[in-house]
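Because the structure is predicted, anything quoted here is derived from the model rather than measured. No hydrogens, no waters, no symmetry mates; every other heavy atom, side chains included, goes into these values. Numbered from 1 within each chain, the chains take letters A, B, ... in sequence-line order.
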Number of protein chains: 2
Amino acid sequence: MDNLNKRLTESLENYLETIAMLKRENKIARVKDISKELDVKNSSVNIALNVLADKGLVIHEKYGYVDLTEEGQKIADDIQHKEDVLVKFFTEILGVDQEIALKDACRMEHTISDETLAKLIFFIGKIGREGNKRKK
Amino acid sequence: MDNLNKRLTESLENYLETIAMLKRENKIARVKDISKELDVKNSSVNIALNVLADKGLVIHEKYGYVDLTEEGQKIADDIQHKEDVLVKFFTEILGVDQEIALKDACRMEHTISDETLAKLIFFIGKIGREGNKRKK
DNA sequence: TAAAAAAGTTATATTAATCTAACATTTTTT
DNA sequence: AAAAAATGTTAGATTAATATAACTTTTTTA
């Protein structure tokens with residue numbers, strides 16, 4: 001288990017996120033589902049899973065299901081949270097089209113810092129409260 | 001000249017942006033300046049310049065200066081504009097620290113869509129006008 | 001102006017992420 | 001339960017971006 005606390009690549013983050021999503025929607029994640037979702041080949045998924053397993057982020061028994069470790073799940077949740085915040089900001093505050101907002105968020109979720117995310121969350125909250133005030 | 005209108009990689013965009021910046025600040029750009037700025041080796045710069053020259057975005061005479069073509073300059077300006085808008089939003093509206101804002105913007109400038117950028121510019125303008133109103 | 005230093009280039013290697021093709025295992029169907 | 005289909009794995013290739021090391025050209029300096 002390669003446990004140096006280095007940042008994951010965007011690609012590996014996407015694998016974690018996808019596995020978490022599949023578990024949420026289908027209860028289980030299989031290689032085939034992941035490759036379909038990410039539009040890559042099974043062989044690519046396999047290689048990525050080996051890397052992630054090596055880092056202690058996924059569990060993958062040969063020919064079996066794919067699961068996230070606690071740490072892997074935490075990372076996936078973190079990225080999903082970033083995506084959700086970005087999508088909300090883009091659609092509800094900027095008025096960006098849903099599809100474009102999602103596409104942008106899925107790329108930016110890998111690069112926004114925790115500091116900027118925190119400020120963005122605060123800002124969204126503030127704008128929301130101002131909006132309510134006006135409606136009263 | 002490989003003139004398929006495909007999107008550039010983040011790395012190549014960074015080279016264009018850096019060359020544009022050096023031209024702006026120093027009048028000229030040299031391999032050494034680019035490598036220093038991007039923290040890569042001269043040999044890496046060379047390879048990138050060959051790729052960019054092949055795409056008709058830079059001009060690079062052997063052992064000579066590096067310049068941008070009109071198209072290369074246009075792309076560089078576009079990326080720089082995205083960076084400026086993002087930095088402005090992060091610092092002036094969200095209140096993010098200057099250094100972190102710049103770091104985030106330098107990554108996100110490669111992924112934000114034109115649509116989202118346009119909405120963000122509009123939003124910044126609107127917030128600015130509201131701010132002025134209050135001050136009156 | 002010749003030697004030394006700096007800058008630039010080329011050849012070769014490495015890493016990450018992907019692919020295709022061949023092979024292995026599991027699941028489904030008849 | 002045997003054959004066929006689906007799924008998963010492995011081996012080997014490719015592409016992009018980088019590095020190191022050796023080499024070339026240009027610039028500086030003594």
Side-chain angles (χ1 to χ4, degrees), chain A residues 2 4-19 22-23 26-68 75 79 106-107 109-111, chain B residues 1-19 22-23 26-68 75 79 106-107 109-111:
Chain A
D2 174 4
L4 305 180
N5 233 31
K6 249 187 28 193
R7 238 184 133 320
L8 293 176
T9 63
E10 175 165 339
S11 170
L12 292 180
E13 286 190 353
N14 280 330
Y15 281 104
L16 289 184
E17 206 182 356
T18 300
I19 296 164
L22 289 168
K23 280 188 64 183
N26 303 349
K27 306 281 181 279
I28 57 160
R30 283 177 306 173
V31 169
K32 187 196 52 159
D33 304 324
I34 300 170
S35 60
K36 191 174 169 192
E37 189 63 31
L38 291 175
D39 196 28
V40 297
K41 300 300 174 188
N42 283 353
S43 54
S44 305
V45 173
N46 240 280
I47 290 168
L49 291 179
N50 288 340
V51 175
L52 290 169
D54 206 49
K55 290 179 188 290
L57 302 176
V58 308
I59 293 157
H60 179 214
E61 290 163 44
K62 252 196 187 181
Y63 295 103
Y65 297 139
V66 178
D67 207 345
L68 294 169
I75 294 174
I79 301 164
C106 281
R107 302 236 274 154
E109 70 194 10
H110 306 286
T111 55
Chain B
M1 195 202 312
D2 173 3
N3 230 339
L4 306 179
N5 231 30
K6 250 185 32 190
R7 237 186 134 321
L8 293 176
T9 62
E10 175 166 338
S11 169
L12 292 180
E13 286 188 353
N14 280 330
Y15 280 105
L16 289 183
E17 207 183 353
T18 300
I19 295 164
L22 288 169
K23 279 187 65 183
N26 303 348
K27 306 284 182 275
I28 58 159
R30 285 178 304 173
V31 169
K32 187 196 53 158
D33 303 325
I34 301 169
S35 61
K36 191 174 169 191
E37 189 63 30
L38 290 174
D39 196 27
V40 297
K41 299 300 172 186
N42 283 354
S43 55
S44 305
V45 174
N46 241 280
I47 290 168
L49 291 178
N50 288 341
V51 175
L52 290 169
D54 206 49
K55 289 178 189 291
L57 302 176
V58 308
I59 294 158
H60 180 215
E61 291 162 44
K62 252 194 186 182
Y63 297 102
Y65 296 140
V66 178
D67 207 346
L68 294 170
I75 295 174
I79 301 163
C106 281
R107 302 238 272 153
E109 69 194 9
H110 305 286
T111 56

In residues 34-43 of chain A, what donor-acceptor pairs under 3.5 Å come from side-chain atoms, sequence neighbours left out?
residue, atom, partner, partner atom, Å
S35(A), OG, V31(A), O, 3.3
S35(A), OG, K32(A), O, 2.9
S35(A), OG, N42(A), OD1, 2.7

Of residues 33-47 of chain B, the positions that come close to DNA chain C - non-hydrogen atoms, cut-off under 4.0 Å: N42(B), S43(B), N46(B)
DNA chain C: 5'-most and 3'-most nucleotides touching chain A, 4.0 angstrom heavy-atom criterion: dA16(C) to dT26(C)
One pair to check against side chain to side chain contact (heavy atoms under 4.5 Å, CB included): K23(A) and V66(A). What are the steps and the verdict? CA-CA 9 Å; K23(A) 280 188 64 183; V66(A) 178; over 6 Å; no
Report yes if a side-chain nitrogen or oxygen of S11(B) is closer than 4.0 Å to either non-bridging phosphate oxygen (OP1 or OP2) of dA16(D); otherwise report no. no
Gap between atom NE2 of H110(A) and atom CG of N14(A) - 0.5 Å precision: 3.5 Å
Kindly give the heavy-atom pair with the smallest separation between Y65(B) and I28(B), and that separation in Å. CE2-CD1, 3.7 Å
Rounded distance (nearest 0.5 Å) linking atom CG of L57(B) with atom CD1 of I19(B): 9.5 Å
Would you tell me if any nitrogen or oxygen in the side chain of H60(A) comes within less than 4.0 Å of OP1 or OP2 on dT9(D)? yes
Contacts of type salt bridge (charged side-chain N to carboxylate O under 4.0 Å, His left out), residue R30(A), not counting sequence neighbours: D33(A)
Please test Y15(A) against V45(A) for side chain to side chain contact (heavy atoms under 4.5 Å, CB included), starting from the C-alpha separation and ending with a verdict. CA-CA 8 Å; Y15(A) 281 104; V45(A) 173; 4.0 Å; yes
Under the salt bridge (charged side-chain N to carboxylate O under 4.0 Å, His left out) rule, collect the residues that match up with E13(B), sequence neighbours excluded. R7(B)
Given that A48(A) and E61(B) both sit by DNA chain C, which one's nearest nucleotide is further toward the 5' end? E61(B)
Identify each atom pair where a protein N or O and an N or O of nucleotides 25-29 of chain D are less than 3.5 Å apart, giving names and distance.
residue, atom, partner, partner atom, Å
dT25(D), O4', Y63(B), OH, 3.4

Separation between CD (E10(A)) and CD (E17(A)), nearest 0.5 Å, reads 10.0 Å
Criterion side chain to side chain contact (heavy atoms under 4.5 Å, CB included) on L16(B) and L12(B), from CA distance to verdict: CA-CA 6 Å; L16(B) 289 183; L12(B) 292 180; 5.9 Å; no
Can you tell me how far C1' of dA16(D) sits from CG of N50(B), to the nearest Å? 14 Å
